[in-house]
Amino acid sequence: MTRIAMVGAGFGGIAVAHLLRRAGFGDVTIYERAAEVGGVWRDNTYPGCACDIPAPLYSYSFALNPDWSQRFPPHDEILRYLRTCADDFGLRPHLRLGTAVAAAAWTGTAWRLTLADQATGLRSTAEYDILIPATGQLTRPVVPALPGAEDFAGLAVHTAAWDPAIDVTGRRVGVIGTGASAVQLVPAIADRAAAVTVFQRSAPWTLPKPNRRYGRVRRALNRRVPPLMRAARAGTWLLTVVTGRAMTGRPIARRFVRALSDAQRLLQARRLRPRVTPDYAMGCKRVLFTGDWYRTLRRAHVDLVTHDIVQVTSAGVRTADGSAYDCDLLVYATGFAATEFLTPLAVTGRDGRRLDEEWRDGAYAHLGITVPGFPNLFLMYGPNTNTGNTSVVYFHESQARYIVQAVRAVAESGPLEVRADVAAAFDAEMQRRLGGSVWTGCTSWYRTATGRVVTNWPGMASEYRARTARLSRTDYR
């Protein structure tokens, strides 16, 4: 029997585990360092946390949910959906919660894992034929090294480490960053906070968030007439095709989407418009969906600061123009180390090759899934499989289906390792196409320090699905 180990129980891990079991592979073990499944939706609990892709598409095609309360559901609903999937798919017996995979080494015939019990610290080892890391790209929060940060007398927290016990009522809150989490957090806390100061390094591109609630009648119809959910998914897909064409350089689509963004700032930002207008190409950084960001920034007790932070003091923040802003609570909405795939998991492949050394100039993998020198290692949400315009769950399903084929090939013929020339050709194609993309026009979490784009897929999601639809044995040694 083929022994399969997986690392991570978020959207990607649950998808591939389910499809593997459905294909007849029963010896699947899912290691999860946390005490429960959920990935980023378990870890991010800040106020206002919600999906910014419509729920009909931000869900599995094989597990459509008739009970979404709205088009863009809040964090709790998504987490509940994911945990329900784990239950319904029968994955609970396969979970090893509270167990981190600290290291993995290829012995020549199998992967030997070093496991760390998160409660006791005790270590053990186990061997598997196949290793599938599904640790995601947005798992390691980044906190900038600001001078004086250790002197701050109030509470400081990253959005990804938010404690639900934090009460912002009557507090002076400083929010560093204007990315996706800030755009959700600030409107959610503005009514309760005494003052909110937003420290902006670069203004985000935004689009209107066409949210709507799904009432009891709609939910009942979804349950009774499932094709309605398929239709909603198809309609959402078509909308992402438009935004996808805009991000990948189609002039008509780009002008249309940019016009929507410009109109939103004109109507909602008003006097703030010069300060919230981006100075880089649309799509270079993540485009954010919001209906209340600009209106919140215009409120009397909300201040938008565009000067650089030069120091954190015991009382708050000082900026380059000499101004000081007192804060009781400092929130880092500063994103994740998305380009550092698999860190801190130490992976050693054939002939002692270390994956971190293989990736020292930037991560790469054939189809974002497999790396030469690392037999029977198949990545979920690996390099160049992020999407700037549609649902990443769609990509997860494509990868999961491909990995099922790879596991079947291993079961039939033994270890599988992608050819070095195939992986190099794929990576060269990715970097050539990405080199002419909008993502090279600014500094963002899509790129390494050297400017290499290692996160994003350069084309449409439909192309990725087509290219992963069938595993070619000739690509492997």
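All residue numbers refer to positions in the sequence shown, counting from 1. Computed from a predicted model, the values in this text were never measured in an experiment.
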Scanning both residues in full, the closest heavy-atom pair of Tyr394 with Ser462 reads OH-CA, 4.3 Å
Check whether NZ of the Lys or CZ of the Arg Arg354 lies under 6.0 Å from the centre of the six-membered ring of Trp359 and within 45 degrees of that ring's axis. no
Test log, rule side chain to side chain contact (heavy atoms under 4.5 Å, CB included), inputs Met282 and Val257: CA-CA 9 Å; Met282 186 177 193; Val257 173; 3.4 Å; yes
Rounded to the nearest 0.5 Å, how far apart are OG1 of Thr334 and NE2 of His158? 3.5 Å
Using a strict cut-off of less than 4.0 Å between a Lys/Arg side-chain nitrogen and an Asp/Glu carboxylate oxygen, indicate whether Asp27 and Arg3 qualify as a salt bridge. no
Please find the pair of heavy atoms, one from Val418 and one from Pro372, that lie closest to each other, and give the distance. CG1-N, 3.3 Å
Do the ring centers of Tyr381 and Phe341 come within less than 6.0 Å of each other? no
Will you find, in the side chains of Arg465 and Ser398, an N or O donor that is under 3.5 Å from an N or O acceptor? yes
Could you check whether Asp356 pairs with Arg360 (Lys NZ or Arg NE/NH1/NH2 to Asp/Glu carboxylate O, under 4.0 Å)? no
Within the side chain of Gln431, is there an N or O that forms a donor-acceptor pair under 3.5 Å with the backbone of Val453? yes
Cation-pi, Phe72 ring and Arg212 (6.0 angstrom, 45 degrees): no
Would a 4.5 Å heavy-atom cut-off, applied to side chains only, mark Ser437 and Pro458 as touching? no
Quick one, Trp111 and Phe374 - any side-chain contact, counting heavy atoms below 4.5 Å? yes
With salt bridge (Lys or Arg N to Asp or Glu O under 4.0 Å) as the test, would you mind laying out the steps for Arg258 and Asp262 before giving the verdict? CA-CA 6 Å; Arg258 174 163 182 158; Asp262 291 341; 3.6 Å; yes
Which atom of Ala333 lies closest to which atom of Ala182, heavy atoms considered: CB-CB, 3.8 Å
Do the ring planes of Tyr31 and Tyr128 sit parallel (below 30°), tilted (30 to 60°) or perpendicular (above 60°)? perpendicular
Using modelled atom types and a 3.5 Å cut-off, is there a donor and acceptor pairing between side-chain atoms of Gln70 and backbone atoms of Tyr214? no
Check whether any side-chain heavy atom of Asn65 sits under 4.5 Å from a side-chain heavy atom of Ser59, and report yes or no. no
Taking atom CZ of Phe256 as the centre, does the number of heavy atoms from other residues, nucleotides or ligands within less than 6.0 Å exceed 12? no
Flag the pair Asp67 and Arg223 as a salt bridge only when some basic side-chain nitrogen lies within less than 4.0 angstrom of an acidic carboxylate oxygen. yes
Looking at the rings of Phe426 and His366, which for Trp means the six-membered one, are their centres under 6.0 Å apart? yes
Glu77 with Arg71: basic N within carboxylate O range, under 4.0 Å: no
Could you tell me whether Arg452 and Asp361 have a side-chain N and a carboxylate O separated by less than 4.0 Å? no
Determine whether Trp445 and Thr339 satisfy the following criterion, side chain to side chain contact (heavy atoms under 4.5 Å, CB included), listing intermediate values before the conclusion. CA-CA 7 Å; Trp445 60 267; Thr339 61; 6.0 Å; no
What do you reckon, is CZ of Arg83 surrounded by more than 12 foreign heavy atoms closer than 6.0 Å? yes
More than 12 heavy atoms of other groups within 6.0 Å of Ile252 CD1: no
Quiz question: by atom type and distance under 3.5 Å, do the side chains of Thr455 and Gln137 form a donor-acceptor pair? no
Can a cation-pi geometry be assigned to Lys285 and Tyr280, taking NZ or CZ under 6.0 Å from the six-membered ring centre and within 45° of the ring axis? yes
With distance as the sole test, does Asn376 use its side chain to make a donor-acceptor pair with the main-chain N or O of Leu416 at under 3.5 Å? yes
Please evaluate residues Glu397 and Arg401 with respect to the criterion salt bridge (Lys or Arg N to Asp or Glu O under 4.0 Å), reporting the C-alpha separation (whole Å), side-chain torsions for both, the decisive distance (0.1 Å), and the verdict. CA-CA 6 Å; Glu397 286 192 26; Arg401 293 186 179 111; 3.0 Å; yes
Minimum heavy-atom distance between Ala17 and Ile30, given as atom pair plus value: CB-CD1, 3.7 Å
Would you check if the distance from the ring center of Phe89 to the ring center of His18 is below 6.0 Å? yes
With a distance cut-off below 6.0 Å to the six-membered ring centre and an angular limit of 45° from the axis, does Arg473 pair with Tyr476 as a cation-pi contact? no
Is there a donor-acceptor pair under 3.5 Å between the side chain of Arg419 and the backbone N or O of Thr474? yes
Between the main-chain N or O of Arg112 and the side-chain N or O of Glu127, is there a donor-acceptor pair closer than 3.5 Å? no
Whether Tyr464 and Trp457 hold their rings parallel, tilted or perpendicular, with breakpoints at 30° and 60°: perpendicular
SB check Glu36 Arg92 (cutoff 4.0 Å): yes
Are any non-hydrogen side-chain atoms of Pro133 and Leu377 less than 4.5 angstrom apart? yes
I'd like to check Leu19 versus Arg22 (side-chain heavy atoms, cut-off strictly below 4.5 Å). Are they in contact? yes
For the student: nearest non-hydrogen atoms of Val404 and Ala23, plus distance: CG1-CB, 3.7 Å
Is the Tyr81 to Trp41 ring centre distance short of 6.0 Å? no
Please assess Asp351 against Arg353 for the test salt bridge (Lys or Arg N to Asp or Glu O under 4.0 Å), listing each intermediate value before the final yes or no. CA-CA 6 Å; Asp351 301 328; Arg353 297 171 69 169; over 6 Å; no
Thr159 side chain vs Tyr46 backbone, donor-acceptor pair below 3.5 Å: no
Look at Glu463 together with Arg433 and state whether they make a salt bridge at an N to O cut-off of under 4.0 Å. yes
Checking Ile4 against Ile132 for the side chain to side chain contact (heavy atoms under 4.5 Å, CB included) test, could you report, in this order, the C-alpha distance in whole Å, the side-chain angles of both residues, the deciding distance, and whether it holds? CA-CA 8 Å; Ile4 305 167; Ile132 305 173; 3.7 Å; yes
From Leu20 atom CG to Thr2 atom OG1, the distance as rounded to the nearest 0.5 Å: 10.0 Å
Please tell me if the side chains of Ser61 and Arg230 come closer than 4.5 Å, counting only heavy atoms from C-beta onward. yes
Tyr364 and Glu358: side chain donor to acceptor below 3.5 Å: yes
Backbone N or O of Asn456 within a donor-acceptor pair of the Asn384 side chain at under 3.5 Å? yes
Please determine if Arg350 and Glu417 form a salt bridge, counting it only when a charged side-chain N lies under 4.0 Å from a carboxylate O. yes
Report the C-alpha separation of Met380 and Ile403 in whole Å, then their side-chain angles, then the decisive distance to 0.1 Å, and conclude whether the side chain to side chain contact (heavy atoms under 4.5 Å, CB included) test is met. CA-CA 9 Å; Met380 287 291 294; Ile403 289 173; 3.6 Å; yes
Could you tell me whether a side-chain N or O of Trp162 sits under 3.5 Å from a main-chain N or O of Pro47, the two making a donor and an acceptor? no
To check you understand the geometry: which heavy-atom pair defines the closest contact between Val37 and Leu95, and what is its length? CG1-CD1, 3.6 Å
Examine distances only and state if a side-chain atom of Arg286 and a backbone atom of Ala180 form a donor-acceptor pair shorter than 3.5 Å. no
Pairwise side-chain contact, Thr29 with His94, heavy-atom cut-off 4.5 Å (strictly under): no
Any donor-acceptor pair under 3.5 Å linking the side chain of Arg33 with the backbone of Gln118? no
Close side-chain approach of Thr114 and Arg123, heavy atoms under 4.5 Å: yes
Between the side chains of Arg447 and Thr443, does any donor sit under 3.5 Å from an acceptor? no
